[in-house]
Amino acid sequence: MPTSLQRSIALVGAGSLGQHILRALLTSPSHPNIVVLTRPESKNNLPGDLSSATIIPVDYTDVAALTTLFKEHSIEVVISVVPPPAYTTVQHALADAAKASGTVKLFVPSEWGLPTEGAKEKGEENLFAVKDEVAEYLKSIELPYTRFYTGMFMAYVPWLVGIDVDGRVHIQGKGETPFTLTSQEDIGGFVGHVLTSLALTSPELVNASLRIQGQRLTLREYARIVNKPVVTVAQDESLPVKTEGEKAFKTFLQNQVESGKASTGWDRKTEKEIAGAAGSANMLWEGHVWQTVKNN
C-alpha cells in the first residue's frame, strides 16, 4: 500500500534527465531531503526553480568519501544518472559506498532507456551489456535496486530520424515496428512519485524492473503525427547527421527500433516482446496523464 514518507535521497548527476528527476523530488508532497552529488570540476548550473537543492561536489570514485557522505546525510536511496563513460567504474564505487554506509536501502542504477536484462548473458558487446553488468554487480553485493526502463526519450526522436538536419523523417528499414517513447518530464515525475510514495521494501521496488511507456508508435506513425515527409534509407547508406560521430550510434538505435528492441516490453534473453510488459509500471502513477508526441 502506498505510503508517503520523508526520505533522504542522493541524486548523482544533474544533467538534463537528472534535473527532471530533481524537480519532481523537490515538488513531492512528502518533501524528501535531497542532496545532489556532482563532480568537483562540474560547471553545471541548476535553473532557478532547482536552486534550493543542496549540491555537494565529490569524487564519484572515492568510496571512502562517498560512504561518509551517505552516512552523514542518512541517505536511504541513491539515484544514479551518470553518463555512459562512467557506468562501470563510477557505479561500482557508488554501490560499494552505499553498501558500506549501512543507511542506503535502495540503489537506482543509470538505465533510463531500453531494457537491458540478459544483454550480458547473451554475450552482447554494447552499452546494454555494460548496464546489465552493473545490475549484476548490485546483485552480487546484495544491494537492493530498481531498474527504470523508459524507452526512447521523446524529445530525442527528431534527432534520431534526422528532422534536425533537413526537416524530414529518415527511416532505415520499414519503420513499421512499434517502439516506446517517454518524455523526460514524465520519467522524472514517475521516478519522483514511486521513490517517495512506495515503501522501500515494497516488491514493486526491490530488485524490480519498472517498464514505463508514454506512447507507443512506429516511426511511420511518428512521421504522420509530426507531419513530416518520410525518406527511406538503405542499410548501406548513412542517416543524416550533423557530426561524423553520430553516424554509428544513430544506425545502431534505428536498428534497435526496427528489430523491436526499443519497446520497454522487450526481453533480450528470449529476443521477444513480453505480452503486456510495455508500460506495465504506469499503473503505479495512478491518475497521471502521460505526454504524447502531440503535446510534448
Side-chain angles (χ1 to χ4, degrees), residues 15-17 20 84 111-116 119 124 126-128 148-190 210-268 271-282 285 288-296:
S16 178
L17 179 59
H20 286 292
E111 291 276 356
W112 320 118
L114 315 187
T116 64
E124 295 186 36
N126 52 32
L127 186 62
F128 305 120
F148 288 85
Y149 297 142
T150 64
M152 297 280 186
F153 290 177
M154 199 170 281
Y156 287 13
V157 178
W159 167 85
L160 177 65
V161 297
I163 289 177
D164 62 326
V165 177
D166 66 6
R168 299 183 294 175
V169 174
H170 299 258
I171 300 174
Q172 207 161 42
K174 295 181 180 180
E176 297 172 354
T177 307
F179 68 106
T180 296
L181 305 84
T182 311
S183 73
Q184 288 175 284
E185 292 89 345
D186 278 345
I187 296 169
F190 179 81
L210 299 185
R211 301 168 183 261
I212 62 174
Q213 180 168 261
Q215 191 171 12
R216 190 173 184 81
L217 294 172
T218 68
L219 285 178
R220 290 191 177 275
E221 288 171 339
Y222 177 83
R224 286 195 289 273
I225 291 171
V226 298
N227 195 28
K228 299 293 182 182
V230 171
V231 177
T232 301
V233 180
Q235 287 295 327
D236 59 350
E237 295 178 353
S238 174
L239 291 160
V241 295
K242 289 185 176 180
T243 66
E244 284 298 309
E246 298 177 10
K247 279 186 179 180
F249 192 46
K250 273 193 177 183
T251 298
F252 174 71
L253 289 178
Q254 285 227 14
N255 286 338
Q256 295 292 301
V257 172
E258 184 70 13
S259 62
K261 297 174 183 176
S263 164
T264 52
W266 187 258
D267 185 343
R268 302 191 87 86
E271 298 187 355
K272 294 179 181 179
E273 179 80 7
I274 303 170
S280 56
N282 287 26
W285 200 4
H288 177 67
V289 178
W290 296 76
Q291 292 190 18
T292 64
V293 171
K294 281 185 177 180
N295 62 22
N296 181 248

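All figures in this text were calculated on a predicted structure; none of them were measured in a lab.
With sequence neighbours excluded, the residues forming a side-chain contact (heavy atoms from CB on, under 4.5 Å) with Asn295 are Gln291, Thr292, listed by chain and number. Every residue two or more places apart in sequence or in another chain was checked for a salt bridge (Lys or Arg N to Asp or Glu O under 4.0 Å) with Arg220, and none qualifies. Among residues two or more places apart in sequence or in another chain, the side-chain contact (heavy atoms from CB on, under 4.5 Å) test is passed with Phe252 by Asn126, Phe128, Phe249, Gln256. For Lys272, the side-chain contact (heavy atoms from CB on, under 4.5 Å) test picks out Thr270, with sequence neighbours left out. By the side chain to side chain donor-acceptor pair (under 3.5 Å) test, Glu111 is found to be paired with Thr116, Arg147, residues two or more places apart in sequence or in another chain being considered. Looking at residues two or more places apart in sequence or on another chain, you find no salt bridge (Lys or Arg N to Asp or Glu O under 4.0 Å) involving Glu237. Residues passing the salt bridge (Lys or Arg N to Asp or Glu O under 4.0 Å) test with Glu271 are Lys122, sequence neighbours excluded. Residues that satisfy the side chain to side chain donor-acceptor pair (under 3.5 Å) test with Glu185, not counting sequence neighbours, are absent from this structure. Among residues two or more places apart in sequence or in another chain, the side-chain contact (heavy atoms from CB on, under 4.5 Å) test is passed with Ser238 by Lys247. Take Asp267 and apply the salt bridge (Lys or Arg N to Asp or Glu O under 4.0 Å) test, not counting sequence neighbours, and it matches no residue. In terms of the side chain to side chain donor-acceptor pair (under 3.5 Å) criterion, Gln235 has no residue partners (sequence neighbours excluded).
Thr150 places a side-chain N or O within 3.5 Å of a backbone atom of Gly113 that can act as its donor or acceptor partner. Side chain of Lys250 to main chain of Pro240: a donor-acceptor pair is present (N/O by atom type, distance under 3.5 Å, no hydrogens or angles). Side-chain N or O atoms of Arg211 include one that pairs as donor or acceptor with a backbone N or O of Trp266 at under 3.5 Å.
Between Lys261 and Glu124 no salt bridge is recorded (no basic side-chain N to carboxylate O distance below 4.0 Å).
Ring geometry for Trp290 against Trp285 counts as perpendicular: the plane angle is over 60°, on a 0 to 90° scale with 30° as the lower cut.
Sorted by first then second residue, the side chain to side chain donor-acceptor pair (under 3.5 Å) pairs that include residues 161-182, not counting sequence neighbours, are Asp166-Arg168, Asp166-His170, Thr180-Gln213, Thr180-Thr264.
If you take CZ on Phe153 and NE2 on His20, they are separated by 9.0 Å, rounding to the nearest 0.5 Å.
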